[in-house]
Protein chains: 2
Amino acid sequence: MLASMNGLTINEAAQTTGWSPRMLRYVEQAGLIAPERSASGYRLYGPAQLQRLRTLKELLERFDVGLSDVAFAARMAASAELREAVQEWLTAQPHRPEDVSADDWLRFEQEKHQKLLAVA
Amino acid sequence: MLASMNGLTINEAAQTTGWSPRMLRYVEQAGLIAPERSASGYRLYGPAQLQRLRTLKELLERFDVGLSDVAFAARMAASAELREAVQEWLTAQPHRPEDVSADDWLRFEQEKHQKLLAVA
DNA sequence: CCAACATTACCACGACTATGTCAAGGTTTG
DNA sequence: CAAACCTTGACATAGTCGTGGTAATGTTGG
């Protein structure tokens with residue numbers, strides 16, 4: 001029933017997507033990608049989900065965001081109340097983005113990674 | 001020059017907003033609210049910022065989100081590239097929200113808090 | 001001048017993120 | 001049936017988030 005049926009099992013999916021099996025389960029727990037299950041409970045990843053997994057991986061790497069960030073975005077997408085509250089807060093006198101957004105938190109975000117490099 | 005001038009100093013701002021001075025600096029580092037500075041470098045919080053701080057606090061508490069979540073939202077608001085990439089990922093076959101969004105990650109999100117309660 | 005307050009730079013700590021690994025126990029398949 | 005694979009659950013670890021302190025040093029205001 002391996003690659004013949006309804007989807008790839010977790011190890012197969014892992015190989016074609018670049019995620020580890022462990023992380024596939026974790027991604028599922030985060031509510032981002034939930035594969036179907038076989039009658040006996042095996043995860044079965046379909047083509048669309050495999051593609052989504054690859055895209056997700058690229059997204060995280062390209063922008064250096066975390067799963068929790070995407071999970072939060074999903075949460076906003078799902079809740080109008082949350083989304084509106086956040087957007088309203090953000091758009092209320094946006095304290096001119098040039099002041100801080102680009103430079104300040106960028107430094108904030110980068111410091112952690114620099115710690116690693118700084119060891120060398 | 002305390003409450004007379006251009007804005008409240010950090011301790012004063014802390015009192016009227018409910019944040020601790022420590023957290024006001026942290027919020028600033030996260031790129032969310034950057035007050036003006038006096039000539040000698042003292043932070044000076046204006047009325048609008050004080051209000052924003054109160055609103056932010058309420059936002060975080062009401063929806064149980066983190067500063068980093070709001071920071072991420074700000075990042076999305078500031079970068080069309082990021083925003084579009086995330087939105088595109090989310091809207092691509094959204095694996096039916098009912099399946100997981102509401103229930104699954106909600107449990108995921110709540111488990112941590114339950115750990116605290118579970119101790120009692 | 002000096003008490004009161006600010007600043008930055010650390011140390012600390014518990015909780016959460018991201019990962020890996022291992023154990024105990026079902027499933028699939030040759 | 002046995003090897004290979006899956007499941008959940010637990011343990012482990014490095015790093016981040018959210019907070020609170022403290023120290024060393026500069027600023028303000030009476």
Side-chain angles (χ1 to χ4, degrees), chain A residues 1-15 18-32 34-45 56-57 60-61 64-72 104-105 107-119, chain B residues 1-15 18-32 34-45 56-57 60-61 64-72 104-105 107-119:
Chain A
M1 149 284 243
L2 287 163
S4 53
M5 253 207 74
N6 253 314
L8 304 195
T9 59
I10 199 167
N11 269 289
E12 299 168 328
Q15 288 200 242
W19 291 90
S20 65
R22 177 65 171 85
M23 285 311 291
L24 289 182
R25 299 196 180 95
Y26 188 68
V27 166
E28 181 177 355
Q29 243 216 337
L32 296 180
E36 298 295 309
R37 297 299 189 104
S38 75
S40 55
Y42 281 25
R43 273 167 258 258
L44 295 176
Y45 292 86
L56 178 58
K57 197 170 175 50
L60 298 190
E61 285 162 4
D64 190 31
V65 300
L67 281 180
S68 44
D69 291 323
V70 179
F72 179 66
D104 198 23
W105 75 254
R107 208 169 24 234
F108 178 63
E109 282 290 301
Q110 287 176 345
E111 265 161 21
K112 35 188 168 185
H113 306 302
Q114 291 180 338
K115 283 176 187 172
L116 292 178
L117 301 175
V119 182
Chain B
M1 152 280 242
L2 288 161
S4 55
M5 254 206 72
N6 254 314
L8 304 195
T9 58
I10 199 167
N11 269 290
E12 299 169 328
Q15 289 199 239
W19 290 92
S20 65
R22 177 68 172 80
M23 284 311 291
L24 288 183
R25 299 197 179 95
Y26 188 69
V27 167
E28 180 177 355
Q29 242 215 338
L32 296 182
E36 299 295 308
R37 297 298 189 105
S38 75
S40 55
Y42 281 24
R43 274 165 258 255
L44 295 176
Y45 293 86
L56 178 58
K57 198 171 175 49
L60 299 191
E61 285 162 5
D64 190 31
V65 301
L67 281 180
S68 45
D69 291 324
V70 180
F72 180 67
D104 198 22
W105 76 253
R107 208 166 27 233
F108 178 63
E109 282 289 302
Q110 287 176 345
E111 265 162 20
K112 34 187 169 185
H113 307 301
Q114 291 181 339
K115 283 176 186 169
L116 292 178
L117 301 175
V119 182

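Just so we're clear, the structure is a prediction, and the values are computed from it rather than from any experiment. In what follows, chains carry the letters A, B, and so on, assigned in the order in which the sequence lines appear, proteins first and then strands, with residues in each chain numbered from 1.
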Here the distance between atom C1' of dT19(D) and atom NZ of Lys57(B), to the nearest Å, is 11 Å
Assert: residue with more 5' nearest nucleotide on DNA chain C, out of Ser20(A) and Ile10(B), is Ile10(B)
Rounded to whole Å, the CZ-P distance (Arg25(A) to dT21(C)) equals 13 Å
Of dT17(C), dT7(C), dG26(C), the nucleotide closest to the side chain of Arg43(B) is dT7(C)
Out of dT19(C), dT28(D), dT8(C), minimum distance to the side chain of Arg22(A) belongs to dT19(C)
Can you tell me if Ser38(B) touches the phosphate of dT27(D), counting only side-chain N or O atoms and a distance under 4.0 Å to OP1 or OP2? no
Rounded to whole Å, the CD-P distance (Gln29(B) to dT8(C)) equals 10 Å
Atom CG of Leu24(A) and atom C1' of dT21(C) are separated, to the nearest Å, by 16 Å
The nucleotide from dG18(D), dT28(D), dT8(C) with an atom nearest the side chain of Tyr42(B) is dT28(D)
Rounded to whole Å, CG of Leu44(A) lies from P of dT27(C) at a distance of 14 Å
Rounded to whole Å, CG of Asp64(A) lies from C1' of dT17(C) at a distance of 13 Å
Query raised in the report: Using a cut-off of less than 4.0 Å, is there contact between a side-chain N or O of Arg37(A) and OP1 or OP2 of dT27(C)?
Result: no
Rounded to whole Å, the CG-C1' distance (Leu67(B) to dT19(D)) equals 11 Å
Asp69(B) and Phe72(A) have their tightest heavy-atom pair at O-CE2, 3.3 Å
Among the nucleotides dG18(D), dT27(D), dG26(C), whichever has the atom closest to the side chain of Tyr26(B) is dG18(D)
Nearest heavy-atom contact between Leu32(B) and Ala71(B) is CD2-CA, 3.9 Å
Among dC17(D), dA18(C), dC5(C), the one nearest any side-chain atom of Ser68(B) is dC17(D)
N/O donor-acceptor pair under 3.5 Å between Glu12(A) side chain and Thr9(A) backbone: yes
Ionic contact status for Arg22(B) with Glu28(B), cut-off 4.0 Å:
no
Quick one: do Arg43(B) and Glu36(B) make a salt bridge, cutoff under 4.0 Å? no
Ser40(A) has its side chain closest, among dG18(D), dT27(C), dT8(D), to dT27(C)
Result for 5'-nearest mapping on DNA chain D, choosing between Ala39(B) and Val65(B), is Val65(B)
Leu60(B) atom CG is separated from dT19(D) atom C1', nearest whole Å, by 14 Å
